[in-house]
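Right, one structure below, let's go through it.
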Amino acid sequence: MKSDEFIDITTEHCPMTFVRVKLKLEEMEAGQTLTVRLSGGEPLENVPQSLKDENYFFTTPEADGDCFKMVVTKPKS
Amino acid sequence: MTTTEQWMNRYSRQIILPKFGGVGQKKLSNGSVGLVGTGSIGLSFFIYGIGSGIGRWGILESEDNSGNRLAYAAKIRNPDIKVEITGKQQLASNLEQWVSLWPIVVEVSNDLAVRQKVAAACHTTKTALISAWNSEQAGWLLHSPCPTCLPKPAPGIAGTTPLDKMVPGVLGCALAQQVINALLEPASSPIKASLTAFQAATSQFSSQKVEKKPSCPICKG
């Protein structure tokens with residue numbers, strides 16, 4: 001699945017992992033998709049949970065080499 | 001305003017909150033507030049306010065010229081903040097012009113005459129006003145441009161007792177939260193006429209609606 005935007009947060013630590021994702025999503029249009037590349041451990045636990053808390057749609061993170069990848073869709077409303 | 005790495009790092013804990021985000025944080029950074037009174041409540045409010053990132057402050061200087069002390073504190077704690085000090089002669093000359101520079105004015109002068117002058121100017125210019133004052137064991141927050149509409153005797157309004165430091169701290173924190181709410185969502189967080197009391201002995205807040213009085217010389221009901 002090809003997404004509209006991409007962000008790599010594998011070098012970030014909490015809370016900057018979600019801050020970068022959130023600011024990127026705020027810049028995007030409703031309905032657009034963002035591929036997020038993230039590390040395992042804390043980011044893999046917290047970023048999906050924070051996206052869920054803010055009602056974003058996202059795919060289950062999948063292994064991507066030694067990291068993970070997920071696609072987030074910005075809701076229309 | 002443009003966001004920088006320093007800006008993102010400084011406010012990261014707020015940006016992750018659902019109500020804030022980058023959009024909300026920019027509203028605070030572009031937001032402004034006028035402050036009358038730089039005592040214990042004013043200092044507490046100011047410290048929380050600059051910490052949250054409210055970007056521009058107007059301070060009407062008080063008798064002890066402590067406004068400059070606050071401006072210095074802002075420069076040390078958060079260099080993004082702009083503080084404009086206005087001389088106390090503005091109280092006598094053109095107060096209306098000064099209050100109209102700010103979307104919200106916070107008055108914590110602990111001086112009834114000053115409170116009434118600021119209330120009259122805010123009423124004329126339709127500027128949102130929150131006043132706060134305290135006695136030893138209690139504090140009050142008034143959301144209304146009209147202290148003369150308060151029930152008589154106005155609770156604690158002429159209090160000159162030595163100040164307990166905890167009550168001003170609580171009031172300053174509550175003021176900062178209310179100003180942040182109003183700057184984030186001005187339409188859904190209008191400042192309604194009410195009086196909120198905080199009792200230190202029970203650590204409880206209680207609120208009552210303030211009925212406007214037709215005989216009031218400021219708002220005329």
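Residue numbering restarts at 1 for every chain, and letters A, B, ... go by the order of the sequence lines.
By the neighbour-count criterion of 12 heavy atoms within 6.0 Å, atom OH of B:Tyr72 is sparsely surrounded, having that number or fewer from other residues, nucleotides or ligands. Taking a 6.0 Å sphere around CZ of A:Phe6, one finds it holds more than 12 heavy atoms contributed by other residues, nucleotides or ligands. The environment of OH in B:Tyr48 is sparse: at most 12 heavy-atom neighbours from other residues, nucleotides or ligands sit within 6.0 Å.
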Scan chain B against chain A and return every donor-acceptor pair whose distance is under 3.5 Å.
| from | atom 1 | to | atom 2 | distance (Å) |
| --- | --- | --- | --- | --- |
| B:Glu5 | OE1 | A:Arg20 | NH2 | 2.6 |
| B:Glu5 | OE2 | A:Arg20 | NH1 | 3.1 |
| B:Glu5 | OE2 | A:Arg20 | NH2 | 3.2 |
| B:Ile15 | O | A:Lys22 | NZ | 2.9 |
| B:Leu17 | O | A:Lys22 | NZ | 2.9 |
| B:Gly22 | N | A:Glu26 | OE1 | 3.1 |
| B:Gly22 | N | A:Glu26 | OE2 | 2.9 |
| B:Val23 | N | A:Glu26 | OE1 | 3.1 |

